[in-house]
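Working notes, beginning with the structure itself.
Indexing begins at 1, ligand by ligand and atom by atom, following the structure's order. Heavy-atom basis, side chains included; hydrogens, waters and symmetry copies ignored.
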Amino acid sequence: MVGRLVAAGCVAAEEEADELLAAATDLATLEVWLQRRETGEPLAWITGALQFCGRTLRVDRGVYVPRVQSEELARRAGTLLPMHGRALDLCTGAGAIAAHLSTRVPTATVIGIDIDIGAVMCARRNGVRALVADLDGPLRPVREWDLVTAVAPYVPTGEVRLLPADVQRYEPRAALDGGEDGLDLVRRIVAAAGRLLRPGGWLLVELGGTQDNALTPLLAASGFGRTDPWWDEHRDLRGLASQATGSPGPSPLR
Ligand SMILES: C[S@@+](CC[C@H](N)C(=O)[O-])C[C@H]1O[C@@H](n2cnc3c(N)ncnc32)[C@H](O)[C@@H]1O
């Protein structure tokens with residue numbers, strides 16, 4: 001198995017072989033799964049599950065596979081959600097971040113939103129209260145949320161072709177492509193969070209490259225003050241947390 005997975009280009013062949021072996025109920029299933037993995041199909045779609053922040057999460061075929069890098073955002077968000085607080089996870093996908101928040105703060109109200117019905121069904125199977133919508137479309141613009149999280153599509157269109165071939169072949173383009181500079185949806189999320197967060201509430205978004213700089217004027221104009229980006233061990237930007245002040249600054253367009 002390991003040899004076949006290595007030949008198919010899997011970088012973590014031994015771990016993947018262990019996972020397939022543990023999940024398959026018989027040899028025939030194992031062979032079919034191995035063949036699917038050899039074509040590059042995501043492992044989580046084949047086994048139907050992955051580990052995220054220490055819990056098993058269901059991942060349905062066709063739904064974006066939550067990344068280990070997003071655990072940092074989930075963990076940071078978990079520390080910012082008060083007991084009995086209210087959190088909104090925009091672009092929830094399989095509901096990984098929302099599910100972590102509910103586990104971490106069981107008394108909180110956590111809602112996930114995704115535009116893709118398949119993702120919403122998957123999030124619900126993971127125990128998340130999830131709605132199908134275009135971002136905050138159905139929500140009243142009242143500043144009563146404590147936390148807004150979003151791992152939205154943020155890859156610039158021109159860089160989608162640089163993603164691993166299997167990701168491009170299998171995962172939904174709408175989950176990856178963030179428009180010309182990658183921030184089309186993230187900008188809308190910042191504006192939405194400015195309408196929804198109470199003063200003192202937090203927005204956490206996943207980002208890459210130098211996207212934090214591009215967002216700074218919009219954050220100020222949308223009523224955010226303190227902003228803390230974070231980086232991984234390679235010093236690559238991974239996201240930012242920004243705190244709502246409740247008083248929007250001047251428009252960045254003026
Ligand atoms: C990069 S995936 C992240 C999913 C999840 N947050 C995670 O970390 O696993 C982005 C998700 O955004 C959703 N999405 C794209 N455009 C959207 C929109 N306008 N409104 C709501 N969700 C959207 C996609 O369907 C996809 O599930």
Side-chain angles (χ1 to χ4, degrees), residues 42-45 48-78 87-104 110-139 147-157 159-160 163-164 166-168 170-180 182-193 195-196 203-209 211 230 232 238-241:
L43 183 66
W45 290 4
L50 58 59
Q51 294 293 309
F52 189 87
C53 288
R55 82 193 283 275
T56 303
L57 198 75
R58 177 176 173 147
V59 184
D60 293 338
R61 217 169 179 175
V63 176
Y64 175 89
V65 178
R67 304 298 202 259
V68 68
Q69 307 91 278
S70 303
E71 289 185 342
E72 179 67 20
L73 182 148
R75 291 208 167 93
R76 284 172 183 255
L88 188 61
D89 182 36
L90 296 173
C91 300
T92 199
I97 289 150
H100 173 70
L101 293 175
S102 294
T103 305
R104 176 103 182 10
V110 181
I111 306 287
I113 291 186
D114 202 285
I115 204 162
D116 173 20
I117 175 91
V120 167
M121 299 305 290
C122 182
R124 287 181 185 163
R125 288 188 193 106
N126 283 315
V128 174
R129 290 169 67 187
L131 310 173
V132 179
D134 180 3
L135 298 186
D136 62 323
L139 303 180
L147 184 67
V148 173
T149 53
V151 177
Y154 63 90
V155 181
T157 303
E159 292 176 23
V160 171
L163 294 173
D166 296 342
V167 172
Q168 293 182 58
Y170 282 98
E171 295 201 67
R173 177 126 189 160
L176 304 168
D177 188 345
E180 191 176 343
L183 292 172
D184 283 3
L185 214 59
V186 177
R187 282 197 189 87
R188 290 179 54 208
I189 288 165
V190 170
R195 292 188 293 270
L196 295 168
L203 164 69
L204 284 87
V205 285
E206 194 166 281
L207 299 172
Q211 288 176 331
W230 69 86
D232 64 17
R238 285 293 172 198
L240 66 75

Which protein N or O atoms sit under 3.5 Å from any N or O of ligand 1? Give atom names and distances.
residue: ligand 1; atom: 6 (N); partner: C91; partner atom: O; Å: 2.7
residue: ligand 1; atom: 6 (N); partner: V151; partner atom: O; Å: 3.4
residue: ligand 1; atom: 19 (N); partner: D134; partner atom: OD1; Å: 2.8
residue: ligand 1; atom: 20 (N); partner: L135; partner atom: N; Å: 3.0
residue: ligand 1; atom: 22 (N); partner: I115; partner atom: N; Å: 3.2
residue: ligand 1; atom: 25 (O); partner: D114; partner atom: OD1; Å: 2.6
residue: ligand 1; atom: 27 (O); partner: D114; partner atom: OD2; Å: 2.7

I'd like to know if R55 pairs up with E71 as an ion pair, taking the criterion as any Lys NZ or Arg NE/NH1/NH2 lying under 4.0 Å from an Asp or Glu carboxylate oxygen. no

The side chain to side chain donor-acceptor pair (under 3.5 Å) partners of Q168 (sequence neighbours excluded) come to none

Consider salt bridge (Lys or Arg N to Asp or Glu O under 4.0 Å). Of E171, E72, E206, which one does R67 pass it with? E171

Show which side-chain atoms of residues 91-100 pair as donor or acceptor with protein atoms under 3.5 Å away, not counting sequence neighbours.
residue: T92; atom: OG1; partner: D89; partner atom: OD2; Å: 2.7

State whether a side-chain donor-acceptor pair under 3.5 Å links Q211 with Y154. no

Would you please name every residue forming a side chain to side chain donor-acceptor pair (under 3.5 Å) with D136, sequence neighbours left out? R195

